[in-house]
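Computed from a predicted structure; not experimentally measured. Sequence positions, counted from 1, serve as the residue numbers for this chain.
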Amino acid sequence: MAGLTLYTNPMSRGRIARWMLEEVGADYAVEVLGYGGTMKADAYLAINPMGKVPAIVHDGRVVTECAAICAYLADAFPDAGLAPTDAERADYYRWMFFAAGPLEQAITNRSLGVVPSDDQQRMVGYGDYDRVVTVLEAAVAAHPYIAGDRFTAADVYVGSHVMWGTQFGTLPKLDAFTAYLGRLLERPAYARASELDDAAVAEMQAAG
């Protein structure tokens with residue numbers, strides 16, 4: 001399938017989309033955008049009015065939001081085998097969107113110093129940070145991968161959250177997280193994506 005472009009910045013969530021593209025083996029072009037510059041320019045705002053990366057354009061269709069990109073690419077490139085089977089579908093969607101919703105909200109609020117009171121916890125989708133971490137720990141410990149015994153697109157998304165969280169201190173380095181990441185870091189596609197993004201970072205830094 002041709003006509004696929006990734007709009008990204010190598011120091012952003014765009015690394016998730018790059019990893020997923022490498023997993024499905026897609027041919028794709030890359031447009032690297034700068035914060036406050038090309039990312040906010042009219043040309044890109046016509047693609048993603050939020051002015052955020054990543055986004056992909058595939059045969060004229062725009063997909064934004066990392067979880068959506070991962071799920072879309074798994075469906076668009078079925079030969080990669082990263083979409084869920086019938087048996088995996090419930091956990092696949094459950095944990096992908098748990099990461100996109102409660103997990104990201106809890107981590108963001110905690111990083112901003114926002115701690116919901118007992119009354120406010122009824123209003124927020126995640127309740128409290130400690131509960132989110134406990135639930136995530138149990139989820140990654142239940143199976144070798146988040147939806148069962150094999151790697152799926154949900155592992156790209158959930159795994160990226162766990163990877164960055166433990167790296168930057170927004171998630172604790174629990175044994176279950178370390179074991180889960182050990183399996184993900186062995187993926188050849190992850191290594192390729194990281195090499196490409198690291199090279200893009202070096203190029204940006206050399207340019208200025």
Side-chain angles (χ1 to χ4, degrees), residues 12-24 50 52 54-56 58 63-111 114 116 120-168 170-187 189-190 193:
S12 76
R13 291 176 177 83
R15 296 180 79 101
I16 301 174
R18 168 90 80 171
W19 180 9
M20 186 63 196
L21 285 163
E22 291 297 319
E23 287 285 356
V24 300
M50 293 294 291
K52 298 284 189 177
I56 62 169
H58 184 211
V63 186
T64 64
E65 315 315 318
C66 287
I69 290 170
C70 289
Y72 173 86
L73 289 173
D75 290 340
F77 296 87
D79 290 347
L82 297 182
T85 64
D86 288 346
E88 296 163 341
R89 187 167 288 114
D91 281 342
Y92 176 93
Y93 285 113
R94 177 186 182 184
W95 298 116
M96 184 180 287
F97 290 102
F98 175 86
L103 178 59
E104 180 147 358
Q105 293 167 18
I107 287 175
T108 298
N109 279 357
R110 189 169 188 265
S111 298
V114 177
Q120 290 171 331
Q121 287 176 22
R122 293 196 292 269
M123 300 172 60
V124 296
Y126 63 88
D128 67 79
Y129 172 85
D130 290 338
R131 183 184 299 273
V132 168
V133 172
T134 298
V135 170
L136 180 63
E137 179 187 18
V140 302
H143 311 285
Y145 297 99
I146 198 65
D149 292 331
R150 71 181 190 100
F151 181 90
T152 66
D155 291 293
V156 174
Y157 189 68
V158 175
S160 293
H161 278 275
V162 176
M163 196 177 303
W164 291 348
T166 54
Q167 179 180 353
F168 294 109
T170 56
L171 285 174
K173 293 183 178 179
L174 303 176
D175 289 345
F177 294 161
T178 301
Y180 176 56
L181 292 179
R183 291 185 284 275
L184 302 189
L185 293 173
E186 294 177 349
R187 303 286 301 178
Y190 173 76

By salt bridge (charged side-chain N to carboxylate O under 4.0 Å, His left out), Glu137 pairs with (sequence neighbours left out) none
In terms of heavy-atom contacts, Ala71 and Met96 come closest through CB-SD, 4.2 Å
Sorted by chain and number, sequence neighbours left out, salt bridge (charged side-chain N to carboxylate O under 4.0 Å, His left out) with Glu65 holds for none
Can you say whether the rings of Trp95 and Phe98 are parallel (under 30°), tilted (30 to 60°) or perpendicular (over 60°)?
-> perpendicular
Please report, to 0.1 Å, the donor-acceptor pairs under 3.5 Å made by any side chain of residues 153-162, with sequence neighbours excluded.
| from | atom 1 | to | atom 2 | distance (Å) |
| --- | --- | --- | --- | --- |
| Asp155 | OD1 | Ile146 | N | 2.9 |
| Asp155 | OD1 | Tyr180 | OH | 2.7 |
| Asp155 | OD2 | Thr152 | N | 3.0 |
| Tyr157 | OH | His161 | NE2 | 3.1 |
| Ser160 | OG | Val156 | O | 2.7 |

Compare all side-chain heavy atoms of Leu73 with those of Glu23 and state whether any distance is below 4.5 angstrom. no
Would you say that Glu104 contacts Arg13 through its side chain, given a criterion of any heavy-atom pair below 4.5 Å between the two side chains? yes
Residues passing the side chain to side chain donor-acceptor pair (under 3.5 Å) test with Tyr145, sequence neighbours excluded, are none
Separation between OH (Tyr72) and CD1 (Ile56), nearest 0.5 Å, reads 6.0 Å
Would a 4.5 Å heavy-atom cut-off, applied to side chains only, mark Leu103 and Leu171 as touching? yes
Indicate yes or no: at least one non-hydrogen side-chain atom of Leu136 is less than 4.5 angstrom from one of Phe177. yes
The salt bridge (charged side-chain N to carboxylate O under 4.0 Å, His left out) partners of Arg89 (sequence neighbours excluded) come to Asp86
Separation between CZ (Arg110) and OH (Tyr129), nearest 0.5 Å, reads 4.0 Å
The salt bridge (charged side-chain N to carboxylate O under 4.0 Å, His left out) partners of Arg183 (sequence neighbours excluded) come to none
Run the salt bridge (charged side-chain N to carboxylate O under 4.0 Å, His left out) test on Glu22 and Arg187 for me, step by step, so that the C-alpha distance in whole Å, both residues' side-chain angles and the decisive distance to 0.1 Å come before the verdict. CA-CA 10 Å; Glu22 291 297 319; Arg187 303 286 301 178; over 6 Å; no
| Mutual orientation of the aromatic rings belonging to Trp19 and Tyr190 [parallel < 30°, tilted 30-60°, perpendicular > 60°] | perpendicular
To the nearest 0.5 Å, atom NZ of Lys52 lies from atom OG1 of Thr64 at 12.5 Å
CD1 of Ile69 to CD1 of Ile16, rounded to nearest 0.5 Å, is 9.0 Å
